[in-house]
Protein chains: 2
Amino acid sequence: MDETGFATHDHSGCIEAGLARAGRICAAAGARLTPLRRQVLEILLAEHRALGAYEVLEHLRQNGHPAQPPVAYRALDFLVRHGLAHRIERLNAFVACSHSGRDHAPVFLICRACGAVAEAGWQPGAGQIGAAARAHGFRVEAVVAEALGTCPNCRAAAP
Amino acid sequence: MDETGFATHDHSGCIEAGLARAGRICAAAGARLTPLRRQVLEILLAEHRALGAYEVLEHLRQNGHPAQPPVAYRALDFLVRHGLAHRIERLNAFVACSHSGRDHAPVFLICRACGAVAEAGWQPGAGQIGAAARAHGFRVEAVVAEALGTCPNCRAAAP
DNA sequence: TGATAAAGGGTTATATTATAACATATCAAG
DNA sequence: CTTGATATGTTATAATATAACCCTTTATCA
(Lines give C-alpha, C1' and ligand atoms only; values in the text may rest on other atoms or scores of the structure.)
Protein backbone atom coordinates (compact mmCIF):
# COMPACT_ATOMS: atom_id res chain seq x y z
CA MET A 1 0.00 0.00 0.00
CA ASP A 2 1.45 3.26 -1.05
CA GLU A 3 -1.06 5.69 0.37
CA THR A 4 -3.85 5.42 2.86
CA GLY A 5 -5.99 8.47 2.23
CA PHE A 6 -9.11 8.61 4.39
CA ALA A 7 -10.23 5.05 3.78
CA THR A 8 -10.43 2.75 6.78
CA HIS A 9 -7.90 -0.02 6.72
CA ASP A 10 -6.02 -2.58 8.78
CA HIS A 11 -4.18 -0.39 11.19
CA SER A 12 -1.89 -2.90 12.89
CA GLY A 13 -0.60 -3.96 9.50
CA CYS A 14 -0.20 -0.33 8.64
CA ILE A 15 2.05 0.22 11.66
CA GLU A 16 4.12 -2.89 11.05
CA ALA A 17 4.57 -2.03 7.41
CA GLY A 18 5.61 1.50 8.29
CA LEU A 19 8.19 0.31 10.79
CA ALA A 20 9.57 -2.27 8.37
CA ARG A 21 9.84 0.32 5.65
CA ALA A 22 11.59 2.69 8.04
CA GLY A 23 14.10 -0.01 8.86
CA ARG A 24 14.88 -0.53 5.18
CA ILE A 25 15.21 3.18 4.49
CA CYS A 26 17.53 3.75 7.43
CA ALA A 27 19.64 0.73 6.60
CA ALA A 28 20.01 1.95 3.03
CA ALA A 29 20.94 5.43 4.20
CA GLY A 30 23.34 4.28 6.90
CA ALA A 31 21.13 5.98 9.50
CA ARG A 32 20.41 4.50 12.89
CA LEU A 33 16.79 3.80 13.68
CA THR A 34 17.39 3.61 17.43
CA PRO A 35 14.74 2.29 19.83
CA LEU A 36 13.76 5.83 20.76
CA ARG A 37 13.35 6.96 17.16
CA ARG A 38 11.52 3.78 16.34
CA GLN A 39 9.20 4.33 19.27
CA VAL A 40 8.41 7.89 18.16
CA LEU A 41 7.67 6.69 14.65
CA GLU A 42 5.42 4.02 16.08
CA ILE A 43 3.55 6.68 18.06
CA LEU A 44 2.99 8.68 14.88
CA LEU A 45 1.97 5.62 12.89
CA ALA A 46 -0.54 4.62 15.55
CA GLU A 47 -2.60 7.72 14.81
CA HIS A 48 -3.78 8.87 11.46
CA ARG A 49 -3.37 12.45 12.36
CA ALA A 50 -0.65 14.94 13.06
CA LEU A 51 0.66 15.02 16.63
CA GLY A 52 2.29 18.00 18.27
CA ALA A 53 5.75 17.43 19.71
CA TYR A 54 4.35 17.68 23.22
CA GLU A 55 1.69 15.10 22.40
CA VAL A 56 4.43 12.76 21.25
CA LEU A 57 6.24 13.54 24.48
CA GLU A 58 3.14 12.65 26.47
CA HIS A 59 2.94 9.29 24.69
CA LEU A 60 6.60 8.64 25.41
CA ARG A 61 6.01 9.33 29.09
CA GLN A 62 3.00 7.05 29.16
CA ASN A 63 5.29 4.39 27.71
CA GLY A 64 7.56 4.82 30.71
CA HIS A 65 10.13 7.05 29.06
CA PRO A 66 10.96 10.03 31.31
CA ALA A 67 11.51 12.34 28.38
CA GLN A 68 12.08 16.08 28.16
CA PRO A 69 11.11 18.20 25.13
CA PRO A 70 14.43 17.95 23.26
CA VAL A 71 14.06 14.17 23.21
CA ALA A 72 10.86 14.41 21.21
CA TYR A 73 12.11 17.20 18.97
CA ARG A 74 15.33 15.41 18.13
CA ALA A 75 13.61 12.17 17.26
CA LEU A 76 11.03 14.00 15.15
CA ASP A 77 13.79 15.92 13.42
CA PHE A 78 15.52 12.67 12.54
CA LEU A 79 12.31 11.19 11.13
CA VAL A 80 11.63 14.30 9.07
CA ARG A 81 15.21 14.45 7.77
CA HIS A 82 14.92 10.88 6.55
CA GLY A 83 11.50 11.30 5.02
CA LEU A 84 9.78 9.01 7.54
CA ALA A 85 7.60 11.80 8.86
CA HIS A 86 6.52 15.25 7.77
CA ARG A 87 5.95 18.47 9.60
CA ILE A 88 2.53 20.06 9.07
CA GLU A 89 3.22 23.78 9.31
CA ARG A 90 -0.35 24.82 9.69
CA LEU A 91 -0.73 22.64 12.78
CA ASN A 92 2.75 22.84 14.28
CA ALA A 93 2.59 19.08 14.25
CA PHE A 94 4.07 15.94 12.75
CA VAL A 95 2.62 13.04 10.83
CA ALA A 96 4.09 9.70 9.76
CA CYS A 97 4.87 9.55 6.08
CA SER A 98 2.58 7.32 4.10
CA HIS A 99 4.52 7.25 0.85
CA SER A 100 7.20 4.84 -0.13
CA GLY A 101 9.56 6.87 -2.25
CA ARG A 102 12.34 8.97 -0.86
CA ASP A 103 12.50 12.66 -1.77
CA HIS A 104 8.88 12.97 -2.63
CA ALA A 105 7.07 16.29 -2.51
CA PRO A 106 3.92 15.76 -0.51
CA VAL A 107 0.68 17.68 -0.39
CA PHE A 108 -1.47 17.21 2.70
CA LEU A 109 -5.23 17.13 3.04
CA ILE A 110 -6.09 17.94 6.67
CA CYS A 111 -9.59 17.34 8.00
CA ARG A 112 -10.74 20.08 10.37
CA ALA A 113 -13.27 17.82 12.00
CA CYS A 114 -11.38 14.63 12.82
CA GLY A 115 -7.78 15.74 12.36
CA ALA A 116 -6.99 12.98 9.89
CA VAL A 117 -4.21 13.79 7.44
CA ALA A 118 -4.00 12.27 3.98
CA GLU A 119 -0.81 12.61 2.00
CA ALA A 120 -0.77 12.77 -1.77
CA GLY A 121 2.20 13.00 -4.07
CA TRP A 122 2.70 15.77 -6.53
CA GLN A 123 5.10 17.05 -9.13
CA PRO A 124 7.07 19.98 -7.83
CA GLY A 125 7.83 22.31 -10.67
CA ALA A 126 4.69 21.35 -12.47
CA GLY A 127 1.40 23.04 -11.77
CA GLN A 128 0.66 26.50 -10.55
CA ILE A 129 3.44 26.92 -7.99
CA GLY A 130 5.96 25.96 -10.65
CA ALA A 131 4.38 28.41 -13.07
CA ALA A 132 4.44 31.21 -10.49
CA ALA A 133 8.07 30.48 -9.69
CA ARG A 134 9.10 30.57 -13.34
CA ALA A 135 7.20 33.81 -13.85
CA HIS A 136 9.18 35.41 -11.00
CA GLY A 137 12.54 33.87 -11.75
CA PHE A 138 12.35 32.11 -8.41
CA ARG A 139 14.14 28.82 -7.75
CA VAL A 140 12.01 26.55 -5.60
CA GLU A 141 13.88 24.44 -3.06
CA ALA A 142 11.04 23.27 -0.81
CA VAL A 143 7.29 23.51 -0.90
CA VAL A 144 4.67 23.58 1.82
CA ALA A 145 1.32 22.53 0.39
CA GLU A 146 -1.46 21.94 2.88
CA ALA A 147 -5.20 21.98 2.29
CA LEU A 148 -7.63 22.30 5.19
CA GLY A 149 -11.16 21.11 4.79
CA THR A 150 -13.38 18.16 5.53
CA CYS A 151 -12.79 14.53 4.73
CA PRO A 152 -15.53 12.34 3.23
CA ASN A 153 -16.03 10.42 6.49
CA CYS A 154 -16.79 13.55 8.47
CA ARG A 155 -19.07 14.99 5.79
CA ALA A 156 -21.00 11.71 5.78
CA ALA A 157 -21.32 11.82 9.57
CA ALA A 158 -22.40 15.49 9.82
CA PRO A 159 -23.36 16.75 6.39
CA MET B 1 0.21 47.63 -9.83
CA ASP B 2 -1.34 44.39 -8.85
CA GLU B 3 1.68 42.47 -7.76
CA THR B 4 5.22 43.40 -6.90
CA GLY B 5 7.13 40.15 -7.12
CA PHE B 6 10.84 40.56 -6.54
CA ALA B 7 11.33 43.54 -8.84
CA THR B 8 12.56 46.75 -7.27
CA HIS B 9 9.98 49.50 -7.31
CA ASP B 10 8.90 52.79 -5.81
CA HIS B 11 8.38 51.83 -2.22
CA SER B 12 6.76 54.95 -0.82
CA GLY B 13 4.13 54.80 -3.51
CA CYS B 14 3.72 51.14 -2.72
CA ILE B 15 2.94 51.95 0.92
CA GLU B 16 0.55 54.75 0.10
CA ALA B 17 -1.28 52.64 -2.43
CA GLY B 18 -1.57 49.81 0.05
CA LEU B 19 -3.01 52.05 2.75
CA ALA B 20 -5.44 53.63 0.33
CA ARG B 21 -6.57 50.26 -0.86
CA ALA B 22 -7.01 49.09 2.73
CA GLY B 23 -9.18 52.12 3.43
CA ARG B 24 -11.41 51.28 0.49
CA ILE B 25 -11.71 47.62 1.42
CA CYS B 26 -12.57 48.37 5.04
CA ALA B 27 -15.08 51.02 4.08
CA ALA B 28 -16.74 48.60 1.70
CA ALA B 29 -16.83 45.87 4.35
CA GLY B 30 -18.00 48.14 7.16
CA ALA B 31 -14.80 47.38 9.06
CA ARG B 32 -12.90 49.95 11.04
CA LEU B 33 -9.36 50.61 9.95
CA THR B 34 -8.39 52.24 13.25
CA PRO B 35 -5.13 54.15 13.68
CA LEU B 36 -3.56 51.15 15.39
CA ARG B 37 -4.54 48.73 12.64
CA ARG B 38 -3.47 51.20 10.02
CA GLN B 39 -0.13 51.59 11.74
CA VAL B 40 0.44 47.83 11.81
CA LEU B 41 -0.43 47.57 8.14
CA GLU B 42 1.98 50.39 7.42
CA ILE B 43 4.71 48.52 9.28
CA LEU B 44 4.09 45.43 7.16
CA LEU B 45 3.96 47.42 3.95
CA ALA B 46 7.24 49.14 4.75
CA GLU B 47 9.08 45.81 4.46
CA HIS B 48 8.88 43.40 1.59
CA ARG B 49 9.17 40.48 3.85
CA ALA B 50 7.20 38.67 6.49
CA LEU B 51 7.48 40.05 10.02
CA GLY B 52 6.91 38.04 13.17
CA ALA B 53 4.29 39.38 15.58
CA TYR B 54 7.03 40.37 18.01
CA GLU B 55 8.88 42.22 15.28
CA VAL B 56 5.72 44.17 14.58
CA LEU B 57 5.46 44.81 18.29
CA GLU B 58 9.00 46.12 18.36
CA HIS B 59 8.20 48.54 15.53
CA LEU B 60 5.11 49.72 17.40
CA ARG B 61 7.19 50.40 20.48
CA GLN B 62 9.77 52.28 18.46
CA ASN B 63 6.87 54.39 17.19
CA GLY B 64 6.07 55.32 20.77
CA HIS B 65 3.25 52.85 21.30
CA PRO B 66 3.67 50.99 24.63
CA ALA B 67 2.18 47.80 23.25
CA GLN B 68 1.87 44.33 24.69
CA PRO B 69 1.69 41.15 22.57
CA PRO B 70 -2.11 40.96 22.29
CA VAL B 71 -2.12 44.41 20.69
CA ALA B 72 -0.01 43.17 17.80
CA TYR B 73 -1.81 39.86 17.48
CA ARG B 74 -5.24 41.48 17.44
CA ALA B 75 -4.30 43.99 14.78
CA LEU B 76 -2.66 41.29 12.66
CA ASP B 77 -5.71 39.08 13.07
CA PHE B 78 -7.91 41.89 11.81
CA LEU B 79 -5.69 42.47 8.79
CA VAL B 80 -5.65 38.78 7.94
CA ARG B 81 -9.42 38.43 8.36
CA HIS B 82 -9.95 41.24 5.90
CA GLY B 83 -7.41 40.03 3.40
CA LEU B 84 -5.04 42.94 3.95
CA ALA B 85 -2.26 40.68 5.19
CA HIS B 86 -1.44 37.00 5.13
CA ARG B 87 0.09 34.67 7.63
CA ILE B 88 3.12 32.71 6.38
CA GLU B 89 2.89 29.43 8.26
CA ARG B 90 6.38 28.32 7.49
CA LEU B 91 7.81 31.44 9.09
CA ASN B 92 5.26 32.12 11.84
CA ALA B 93 5.09 35.56 10.34
CA PHE B 94 2.87 38.03 8.54
CA VAL B 95 3.17 39.86 5.26
CA ALA B 96 1.13 42.66 3.72
CA CYS B 97 -1.10 41.50 0.92
CA SER B 98 0.02 42.63 -2.51
CA HIS B 99 -3.06 41.65 -4.46
CA SER B 100 -6.11 43.72 -5.13
CA GLY B 101 -8.94 41.25 -5.16
CA ARG B 102 -10.75 40.06 -2.09
CA ASP B 103 -10.96 36.34 -1.36
CA HIS B 104 -7.99 35.43 -3.46
CA ALA B 105 -6.01 32.24 -2.84
CA PRO B 106 -2.37 33.22 -2.65
CA VAL B 107 0.76 31.22 -3.17
CA PHE B 108 3.94 32.64 -1.63
CA LEU B 109 7.49 32.53 -2.90
CA ILE B 110 9.82 33.04 0.06
CA CYS B 111 13.49 33.81 -0.49
CA ARG B 112 15.72 32.04 2.03
CA ALA B 113 18.51 34.53 1.53
CA CYS B 114 16.86 37.95 1.78
CA GLY B 115 13.50 37.04 3.28
CA ALA B 116 11.53 38.75 0.54
CA VAL B 117 8.09 37.33 -0.07
CA ALA B 118 6.34 37.48 -3.43
CA GLU B 119 2.68 36.68 -3.66
CA ALA B 120 1.10 35.14 -6.72
CA GLY B 121 -2.51 34.32 -7.33
CA TRP B 122 -3.71 30.89 -8.16
CA GLN B 123 -6.86 28.93 -8.85
CA PRO B 124 -7.87 26.86 -5.87
CA GLY B 125 -9.56 23.71 -7.07
CA ALA B 126 -7.53 23.69 -10.22
CA GLY B 127 -4.12 22.10 -10.36
CA GLN B 128 -2.66 19.30 -8.34
CA ILE B 129 -4.12 20.08 -4.92
CA GLY B 130 -7.56 20.20 -6.46
CA ALA B 131 -6.93 16.91 -8.22
CA ALA B 132 -5.68 15.27 -5.02
CA ALA B 133 -8.71 16.55 -3.11
CA ARG B 134 -11.12 15.20 -5.71
CA ALA B 135 -9.35 11.86 -5.71
CA HIS B 136 -9.83 11.60 -1.93
CA GLY B 137 -13.34 13.01 -1.76
CA PHE B 138 -11.94 15.88 0.30
CA ARG B 139 -13.58 19.31 0.36
CA VAL B 140 -10.95 22.04 0.45
CA GLU B 141 -11.78 25.10 2.54
CA ALA B 142 -8.38 26.77 2.82
CA VAL B 143 -4.97 26.20 1.30
CA VAL B 144 -1.47 26.93 2.52
CA ALA B 145 0.89 27.09 -0.45
CA GLU B 146 4.39 28.34 0.28
CA ALA B 147 7.54 27.77 -1.72
CA LEU B 148 10.96 28.34 -0.18
CA GLY B 149 13.91 28.99 -2.41
CA THR B 150 16.00 31.81 -3.79
CA CYS B 151 14.84 34.91 -5.55
CA PRO B 152 16.53 36.15 -8.74
CA ASN B 153 18.17 39.08 -6.94
CA CYS B 154 19.93 36.86 -4.43
CA ARG B 155 21.01 34.34 -7.08
CA ALA B 156 22.50 37.21 -9.08
CA ALA B 157 24.34 38.49 -6.02
CA ALA B 158 25.73 35.11 -4.91
CA PRO B 159 25.28 32.60 -7.70
C1' DT C 1 -30.36 62.98 24.25
C1' DG C 2 -29.21 59.51 27.00
C1' DA C 3 -29.14 54.49 27.70
C1' DT C 4 -27.06 50.67 26.14
C1' DA C 5 -25.04 47.19 23.33
C1' DA C 6 -20.99 46.10 20.59
C1' DA C 7 -16.35 46.62 19.33
C1' DG C 8 -11.69 48.05 20.26
C1' DG C 9 -7.82 48.53 23.12
C1' DG C 10 -4.73 48.22 27.61
C1' DT C 11 -2.75 45.10 30.79
C1' DT C 12 -1.41 41.05 33.41
C1' DA C 13 -0.57 36.58 33.43
C1' DT C 14 0.12 32.30 31.35
C1' DA C 15 -0.07 28.66 27.74
C1' DT C 16 2.22 26.53 23.89
C1' DT C 17 5.97 25.56 20.89
C1' DA C 18 10.91 25.21 20.29
C1' DT C 19 15.91 25.32 21.17
C1' DA C 20 20.55 26.42 23.49
C1' DA C 21 23.94 24.45 26.15
C1' DC C 22 26.28 21.09 28.45
C1' DA C 23 26.90 16.38 30.58
C1' DT C 24 26.85 11.49 29.88
C1' DA C 25 26.41 7.32 27.27
C1' DT C 26 26.77 4.47 23.25
C1' DC C 27 28.53 3.06 18.91
C1' DA C 28 31.88 2.35 14.93
C1' DA C 29 36.51 2.38 13.16
C1' DG C 30 41.17 1.82 13.37
C1' DC D 1 41.26 -0.29 23.75
C1' DT D 2 41.04 4.29 22.50
C1' DT D 3 39.26 7.69 19.99
C1' DG D 4 36.06 10.35 17.43
C1' DA D 5 31.35 10.68 16.18
C1' DT D 6 26.68 10.14 17.17
C1' DA D 7 22.91 9.76 20.38
C1' DT D 8 20.60 10.68 24.65
C1' DG D 9 19.68 12.94 29.29
C1' DT D 10 18.85 17.23 31.63
C1' DT D 11 18.31 22.04 32.90
C1' DA D 12 17.13 26.26 31.59
C1' DT D 13 15.23 29.53 28.61
C1' DA D 14 13.73 31.56 24.14
C1' DA D 15 10.04 32.44 20.89
C1' DT D 16 5.32 32.34 19.71
C1' DA D 17 0.51 32.86 21.07
C1' DT D 18 -3.72 33.47 23.84
C1' DA D 19 -6.93 33.77 28.06
C1' DA D 20 -9.11 36.86 30.93
C1' DC D 21 -10.31 41.02 32.74
C1' DC D 22 -11.24 45.96 32.66
C1' DC D 23 -11.95 50.23 30.67
C1' DT D 24 -12.87 53.31 26.63
C1' DT D 25 -14.82 54.35 22.32
C1' DT D 26 -18.21 53.83 18.86
C1' DA D 27 -22.71 52.71 17.00
C1' DT D 28 -27.65 52.02 17.76
C1' DC D 29 -31.94 53.17 19.04
C1' DA D 30 -35.84 54.12 22.26
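In what follows, every chain begins at residue 1, and chains take the letters A, B, ... in the order their sequences are listed. Since we're looking at a predicted model, the values are computed, not measured. We use all heavy atoms of the structure for the numbers below, so side chains are in, but hydrogens, waters and symmetry mates are not.
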Between A:His59 and A:His65, ring centroids under 6.0 Å: no
A:Tyr73-C:dT19 aromatic stacking (under 5.5 Å, under 30°): no
Salt bridge A:Arg49-A:Glu55, side-chain N to carboxylate O under 4.0 Å: yes
Whole-Å distance separating the CZ atom of A:Arg90 from the P atom of D:dA17: 12 Å
Residue B:Arg32, side-chain heavy atoms: nucleotide from C:dG8, C:dT19, D:dA17 that is nearest: C:dG8
Short side-chain N/O contact to D:dA17 OP1/OP2 from B:Arg87, under 4.0 Å: yes
C:dG9 base / B:Arg37 side chain donor-acceptor hit below 3.5 Å: no
For atom CG of B:Leu91 and atom P of C:dT17, their distance in whole Å: 18 Å
Position toward the 5' end of DNA chain D (nearest nucleotide), B:Phe94 or A:His65: A:His65
Closest listed nucleotide, where the reference is the side chain of A:Leu36 and the choices are D:dT8, D:dA17, D:dT10: D:dT8
Electrostatic pair A:Glu146:B:Arg90 at N-O distance under 4.0 angstrom: no
Sub-6.0 Å ring centroid separation between A:His86 and A:Phe94: no
Short side-chain N/O contact from A:Thr34 to OP1 or OP2 of C:dT26, under 4.0 Å: no
